[in-house]
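Here's the structure, in structure tokens; my notes come after.
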Amino acid sequence: MQWTLVIPLKPLTRAKSRLSDTAADELRPGLALAFAQDTVAAALACPAVRDVAVVTDDALAGRELAALGARIVSDEPQGGLNAALAHGAATVRTARPESPVAALNADLPALRPLELSRVLDAAAEFPRAFLADAAAIGTTLLAATPHSELLPAFGTDSRARHRASGAMELRLDAVDSVRQDVDTGADLRTALALGVGRYTAAVSAGLLIPGS
């Protein structure tokens, strides 16, 4: 099964505010873009991925991610994360109604293509499935096979919300790179220890990261 991934990205100037202990205001947009670039690059290298649609209205991010091979979808609903994901999935299925779609966080700088493939292969066994984040509270990936709606419920306690919605929780070992999103300095330290992509590595090299 070849998946289309839908990756949401808010305007870079408003991204990653919780990294204030690690990166100054003027540096966080570049860090958020680097996370997204590494996420998209790894996703496009995944053997289970057909293509990637990034939902964003950020002009710089759109240019840079399109250059990597992503399709850019305008965030027409302007209604937050879940509305953007639903719009992205609907846009994909307008062109290809039978396409399996999966929502993926934009802040997975350590993402490994083969680990992502393992997750998507497991998700293919269920109408809807999700992977919890490293903190076991949120969600980093939500998948819907053909004839199933994505029904995203990201946000606070999204792990519990996706489980309550009927999505199957994927309990897989050795997929740490797919679980490790980055919201805080501690998250970034963990991602760096896993091994981040070249964009995040370049931006992070100039940061004084607490505890590193």
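Taking a 6.0 Å sphere around CZ of Arg93, one finds it holds more than 12 heavy atoms contributed by other residues, nucleotides or ligands. Other residues, nucleotides and ligands contribute over 12 non-hydrogen atoms within 6.0 Å of the CD atom of Gln2.
When all heavy atoms of Leu31 and Ala23 are compared, the closest pair comes out as CD2-CB, 4.2 Å. Taking each heavy atom of Leu12 and Ala32 in turn, the nearest pair found is CD2-CB, 4.0 Å. Of all heavy-atom pairs between Ala122 and Leu172, the closest is CB-CD1, 4.0 Å.
Counting only residues at least two apart or on different chains, the side-chain hydrogen bond (donor to acceptor under 3.5 Å, both in side chains) pairs with a member in residues 152-167 are Arg128-Ser165, Thr139-Ser158, Thr139-His162, Arg159-Glu169, Arg163-Glu169. Residues in residues 117-126 take part in no side-chain hydrogen bond (donor to acceptor under 3.5 Å, both in side chains) pair, two or more places apart or across chains. Listed by first and then second residue, the side-chain hydrogen bond (donor to acceptor under 3.5 Å, both in side chains) pairs involving residues 59-84 are Asp57-Ser74, Asp57-Gln78 (not counting sequence neighbours).
When side chains are defined from C-beta on, Ser204 counts as touching Leu192, because their heavy atoms get closer than 4.5 Å.
No side-chain donor-acceptor contact under 3.5 Å links Asp187 and Thr190. Defined by atom type and a distance below 3.5 Å, a donor-acceptor pair is missing between the side-chain atoms of Arg28 and Ser17. Judged purely by distance below 3.5 Å, without hydrogens or angles, the side chains of Thr4 and Asp51 pair a donor atom with an acceptor atom.
With rounding to the nearest 0.5 angstrom, the CG atom of Asp183 is 4.5 Å from the CZ atom of Arg18. Once rounded to the nearest 0.5 Å, the distance linking SG of Cys46 with CG of Leu116 reads 4.0 Å. In this structure, Leu131 CG and Leu141 CG are separated by 6.5 Å, a value rounded to the nearest 0.5 Å. In this structure, Asp107 CG and Thr140 OG1 are separated by 9.0 Å, a value rounded to the nearest 0.5 Å.
When each of Thr200, Leu33, Val203 is paired with Asp38, the side-chain contact (heavy atoms from CB on, under 4.5 Å) condition holds for Thr200 and for no other.
Here Arg198 pairs with nothing under the salt bridge (Lys or Arg N to Asp or Glu O under 4.0 Å) rule; sequence neighbours left out. Under the salt bridge (Lys or Arg N to Asp or Glu O under 4.0 Å) criterion, Asp181 pairs with no residue at all, not counting sequence neighbours.
In the hydrophobic clustering, where aliphatic and aromatic side chains (Ile, Leu, Val, Met, Phe, Trp, Tyr) are joined below 4.5 Å either directly or transitively, Leu142 groups with Val6, Val55, Val73, Leu81, Leu85, Val92, Val101, Phe130, Leu150, Phe154.
No donor-acceptor distance shorter than 3.5 angstrom exists from the side chain of Ser148 to the backbone of Ala144, with no hydrogens or angles considered.
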